[in-house]
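Have a look at the structure below before the remarks.
Here the structure is a predicted model, which is why all the values come from computation and not from measurement. Atoms considered below: every heavy atom in the structure, side chains included; atoms not considered: hydrogens, waters and symmetry mates.
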Amino acid sequence: MTRQIFAAGALAALMLAGCGGGQPMATEPAHKVVDTSIGKVLATNRGMTLYTFAKDTTPGLSNCTDRCAANWPPLIALDDARPVGKWTVLHRADGMMQWAYDGKPLYGWHEDKQQGDTGGDGQLDGAWKAARP
């Protein structure tokens, strides 16, 4: 369990580092839209695909915690992050803040290794979808 929590924290830190570009985020996260084999998707500024989870049905609440978050690291927001446009911030049960787009919390997929990978799309009987702009 300790290893899973550490792994989730390490992955979250990597996701945060990939989005911040070394500068604090004051508004929306550093991101881009990338062309992939499944079409245009939202990605971190390093091109790692972001995903939404069908079980996130309550606005402002992530249902992906613990082991789920180890496999699907949340797109962590810094303390000074503020909503802008379709980008919003939610408070996770673990005390962290997470970015959401169009009301849907955003996550990475631990098996995506290269820019534009979309291996998480369709996972868990279609519950995970690549986030679309």
Partners of D94 by salt bridge (charged side-chain N to carboxylate O under 4.0 Å, His left out), sequence neighbours excluded? R92

All salt bridge (charged side-chain N to carboxylate O under 4.0 Å, His left out) counterparts of K32, not counting sequence neighbours: none

Minimum-distance pair of heavy atoms, taken over all atoms of [X] and [Y]:
{"X": "Q98", "Y": "P105", "answer": "NE2-CB, 3.5 Å"}
{"X": "L78", "Y": "M97", "answer": "O-CE, 3.4 Å"}
{"X": "A100", "Y": "G103", "answer": "CB-C, 4.2 Å"}
{"X": "P133", "Y": "Y101", "answer": "C-OH, 3.9 Å"}

Give me each pair satisfying disulfide (SG to SG under 2.5 Å) with a member in [range], each pair once, sequence neighbours excluded.
{"range": "residues 41-133", "answer": "C64-C68"}
{"range": "residues 77-133", "answer": "none"}
{"range": "residues 103-133", "answer": "none"}

Quick one: which residue pairs count as a side-chain hydrogen bond (donor to acceptor under 3.5 Å, both in side chains) with a foot in residues 112-130, not counting sequence neighbours? Y51-D112

Please find out if less than 6.0 Å separates the ring center of H31 from that of W87. yes

Atom pair [atom1]/[atom2] of [X] and [Y] - distance to nearest 0.5 Å:
{"X": "N63", "Y": "T58", "atom1": "CG", "atom2": "OG1", "value": "6.5 Å"}
{"X": "L42", "Y": "M48", "atom1": "CG", "atom2": "CE", "value": "14.5 Å"}
{"X": "W99", "Y": "T44", "atom1": "CH2", "atom2": "OG1", "value": "14.5 Å"}
{"X": "D66", "Y": "N71", "atom1": "CG", "atom2": "CG", "value": "11.5 Å"}

Contacts of type side chain to side chain contact (heavy atoms under 4.5 Å, CB included), residue A127, not counting sequence neighbours: F53, A54, L124

Nonpolar side-chain network containing V41, other nodes, edges under 4.5 Å: V34, I38

Through direct or indirect side-chain contacts below 4.5 angstrom among Ile, Leu, Val, Met, Phe, Trp and Tyr, which residues connect to L61? none

Are L90 and V84 connected in the hydrophobic side-chain network, where two residues link if heavy atoms are under 4.5 Å apart? no

Would you mind listing every salt bridge (Lys or Arg N to Asp or Glu O under 4.0 Å) that reaches into residues 47-58, with sequence neighbours excluded? none

Output, in order, the C-alpha distance, side-chain angles, deciding distance and verdict of side-chain contact (heavy atoms from CB on, under 4.5 Å) for T49 and W109. CA-CA 8 Å; T49 302; W109 170 231; over 6 Å; no

Of all residues at least two apart in sequence or in a different chain, which pass the side-chain hydrogen bond (donor to acceptor under 3.5 Å, both in side chains) check with K86? none

Under the rule for side-chain hydrogen bond (donor to acceptor under 3.5 Å, both in side chains), what residues qualify as partners of D35, not counting sequence neighbours? K40

Is there side-chain contact between P73 and Y107, with at least one heavy-atom pair below 4.5 Å? no

